[in-house]
Structure formats: structure tokens, C-alpha cells
Amino acid sequence: MVGHSTLLKTVFYVCCSLSAFAAGGCGRPDVPSPAETSTQKNETPPAPVALDYHIRDEFEQRTDWGHWPNLTGPYFNSSSPAEALGAPPLESSRKIWEVVVGTGYSTPVVGQEHIFVFHRQADEEIVDCRSLSNGKVRWQFRFPTAYECPVEYSNGPYSTPALDAECVYALGTEAKFYCLNRSDGELKWIRDLQLDYEPEAWDFPVGSSPLVIDGRVYLNLGGSKGDSCIVALDAESGDTIWTALNDGRSYATPRLVTIHDQKHLIVFTDRYIWSLDPEKGSVRWQVEFGVKKSPARVNAVSPLVVEDMIVVTAGPGGGVLCLQILPDGSQRELWTDRRALDSQFNNIVGVSDAVYGFTSKWNRQAQLRCLSIQSGEILWEYASDLMRGSMIAADGKLYLLGEDGHFGVVAINSSGPNVLLEPGEPVLKSPCYSAPVIAGTTLILRDEEKMQAWNISAQSSSEAE
């Protein structure tokens, strides 16, 4: 059954003025006129609205592993339990530290006191363990690499590491898979998955991020040797438990979730969205979806699970699809749309009655959009300098990092784009394909030259509401 955490449903006011809607670039057609708004100034404000982040009880213990233990956070939905956060401009007084890092699009992951970042310098892939408080290196793991991307993108790494209680798991560009001790960075085991399963050659390197859960590691590898598109490994030993599917790979991370008392491993590969039995890798169902493979078109957005619904998006042009899992484990299509949302690499977030995501540049030049989770209807859209961006949901807000280094904040509100912080001058260098991370009241951002930590705590009670 689907579980909910009442402790992590933030209460805040979603009432906003007409000027705030204008700042967001557009509103819904039923936004009241200035005359109508002025007559309501002395009316009692609406009651607070409780936001439902769709937190599942089965994932609650993952916060013990860290603030942000994998690509999409402890709950696999890009939401953080952090509270008392503001929407401040990222000015020098807010910067906690800044450090030099190497290339790659990997997102940092965060334990309780340490931050781990996977990057490349010269001919080495490096996992850094740094202090969350000051950014200083605690340990480094280095491994040689000769990978060169044949197109004008980074030489990697692209994959984001994952944590469990004792280890860090990282997938390199040449399909070397490392398991390191969190305490000291010592190599516990390594698998040469290129040798074992021969992932198909692309214009981009291997880049799907691992899912580490229930003592296993699930990888969307896209192996071409046998049925090895999806590989399940033992987290302790690195031994293969099973392999499955002969479809090509994507950059989408698998999802393991319990719905109607049945566990589903949801994977989004080159041509299909699948449900597998996580114990054996056997197929329950498959639905064709995604973009046609080419250098510019790769399925790269991890599936989002909202209650008993699976939302997937792909772009440019793939669109968005919402499936509902039925009590017998089968699925039915709730809605789909080729134009409403076609995210390329950007994560999507589901809060209360809506899904939030960025469109591709081919769809009205990239906008943040809010869609109804029940129908797929576009509820609002917000055009800004963010263009294609990544996001994290926390304390009633969406913290947004644009591909060219701009930062912005909007309130989570399906009624319209209530912009709390308009994107100003870039804080990072383009391109920024790594998602933002929040650990307590610290915001972590990175590009391919530096990683930054910012204090985003609320400075007044009005900011915290």
C-alpha cells in the first residue's frame, strides 16, 4: 500500500498578489483583474494549504544514509525534508564555500556530514569526499580513464553516485563500476561492466545512475551481450544476481516501489517503460514510449512515482505519459501528451495535485511548466533565463538551476507561477547539467569547474512561511 509521511508535508501560504503572477511571465486565464483583486484586500487570507510530497513510508529510513544519498534524494522524487528555507539572492554573504572540481555532469550526493562528488581531472576519474561544513577534502579515490566524447559534450563522468550505510557506488564513463568504503575511500570491489556486458556504443558515454536499495544495485546499463540491458548486482560483493532485457540503454535511473503490496522495478530504456519483478528480472509489462535515438535524442529523465501513478517524459518531442498501476500489477494509461512536457535531461517533481518540469528547447524555447497529475492539462508555464533547468522541491518551494548557471525560486502552487526569486546574473558557468542539492539549510550547486555551498536559511518569519 502507498504510505504517506505527515511529518514532511510542509504548510505554507499559497495566496499571492496579481503582481507576483505577472512576474512569473504568465498566469491562467481565470486570474482576477486588478479591479477584482483590489476589492479583496481587506478580506481574511485563505487558510494554509498542506502540500503533499507523496513520501512513501518504505523510504523514510534512507534519510539515515544522508541528506541526499542518490540522484533524486532519499525519497526518489527530488524532494527534501529541509525546513526554514528562504528564497534569498545568492550573494557573497550567503556563500559558505567554493572549491575547484573537474569536468562531468554528475550531481553531488550528501551524507550527514560529508559530500561526495564524482568528476574528472586530466586522465583520471575522481570521487571526492569533502566536509559539508567547509568543503575540505577528507579522501579521494582516483582511477585512470581514456574516454573521449566524440561530440561536443563533456568527457564525463555523467553518472551520479549512490550511497548506502557503508559504501559509495559510482559508474564511470568506460563502464567501470566502483564500490568504495564511505569511511576512507578504500576500494571494496570493482566490476568491468564493459568487458562483461558490452554496453552499446553511443555518441555519449555510459551515464545512468545506480539505484542502491534492499542490498542490491540496479543499473540501466544497455548491455549488448545477452539480455543485459538491466543488471542487478549484490551490493556487498558486486556479484551479478540477474540480467534482463535486450532493449538499448538510456540515462534514466531505475525505480523500486511498492504499489498494492507488490514491488515493481520501473525502468525506462531506449524504447519502452517496463515493470520488472525485482527478485528475478522477469517482465510484468512494457509500454512503448520515448524519443527516437539519435545524437540529439536520448531518454534521460528518470521515472517519477506519485502514489500509484508512473510519470515519464522524454524530449525533444517524446512528450509525457502517465500510467496507473492496478491492484493486479498491470497498468493502464491515464493520459499522454506530446507537447505538454518533453524534458530532455531535467528531473520532474510531483507535489500535491501537480507535476512540475521543464520543456525542451524545441517546445516554445524551454519553459517551466505545471501539469495536472490527473489529466495532464497545462495549468501554467513560466518562461525565464533558466531555459532548461533542474530543480529540487523543499519547504514549499522549487529551487531551480538553469542550464546557463542562473538560479531562481518559485513557490509550489498549481494555481499560478508565484516567483519568489527571479533569475539574475549567473552564479555558475554554462553548461550546468547537474541538479541542485539541499542538505539542511545548505544549497549545493556545481558546474564543470567549481562546486559551491550556499546558506539559504530563512532570515525572517515571513520568509519561512
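The two atoms that bring Gly156 and Thr103 nearest to each other are O-OG1, 3.1 Å, heavy atoms only.
A search for salt bridge (charged side-chain N to carboxylate O under 4.0 Å, His left out) contacts involving Arg130 returns Asp128, not counting sequence neighbours. With sequence neighbours excluded, no residue satisfies ring-ring contact (aromatic ring centres under 6.0 Å, His included) with Trp285. Checked against side-chain hydrogen bond (donor to acceptor under 3.5 Å, both in side chains), Asp234 has the following partners two or more places apart in sequence or in another chain: Ser237. In terms of the salt bridge (charged side-chain N to carboxylate O under 4.0 Å, His left out) criterion, residue partners of Glu403 (sequence neighbours excluded) are, by chain and number, Lys361, Arg388. Residues satisfying the salt bridge (charged side-chain N to carboxylate O under 4.0 Å, His left out) criterion with Arg191, sequence neighbours excluded, are Asp196. Residues that satisfy the side-chain hydrogen bond (donor to acceptor under 3.5 Å, both in side chains) test with Glu174, not counting sequence neighbours, are Thr145. By the salt bridge (charged side-chain N to carboxylate O under 4.0 Å, His left out) test, Asp337 is found to be paired with no residue, residues two or more places apart in sequence or in another chain being considered. Remark: Tyr169 pairs with no residue by the ring-ring contact (aromatic ring centres under 6.0 Å, His included) rule, at least two apart or across chains. Remark: Thr336 engages no residue in a side-chain hydrogen bond (donor to acceptor under 3.5 Å, both in side chains) (not counting sequence neighbours). Listed by chain and residue number, nothing satisfies the side-chain hydrogen bond (donor to acceptor under 3.5 Å, both in side chains) test with Arg120 (two or more places apart in sequence, or in another chain).
Classification of the Trp242-Tyr218 ring pair by plane angle, with boundaries at 30° and 60°, yields tilted. Below 30°, between 30° and 60°, or above 60°: for Phe204 and Tyr153 the angle between ring planes is above 60°, a perpendicular geometry. Under the 30°/60° scheme for interplanar angles, the aromatic rings of Trp189 and Phe177 are found to be tilted.
Side-chain contact check for Val257 versus Phe76: every heavy-atom pair is 4.5 Å or farther apart. Asn77 has its side chain out of reach of Phe59: every pair of non-hydrogen atoms, C-beta onward, lies at least 4.5 Å apart. The shortest side-chain heavy-atom distance between Met451 and Ile444 falls under the 4.5 Å cut-off.
Among residue pairs with one or both ends in residues 386-440, those qualifying as ring-ring contact (aromatic ring centres under 6.0 Å, His included) are Tyr105-Tyr433, Phe345-Tyr433; sequence neighbours excluded. Contacts classified as salt bridge (charged side-chain N to carboxylate O under 4.0 Å, His left out) and involving residues 320-332 (residues at least two apart or in different chains) are not found.
Shown are Ile348, Thr253, Val312; of these, the side chain to side chain contact (heavy atoms under 4.5 Å, CB included) with Ser302 is made only by Thr253.
Proximity of a side-chain donor or acceptor of Thr243 to a complementary backbone N or O of Val231 within less than 3.5 Å is not detected.
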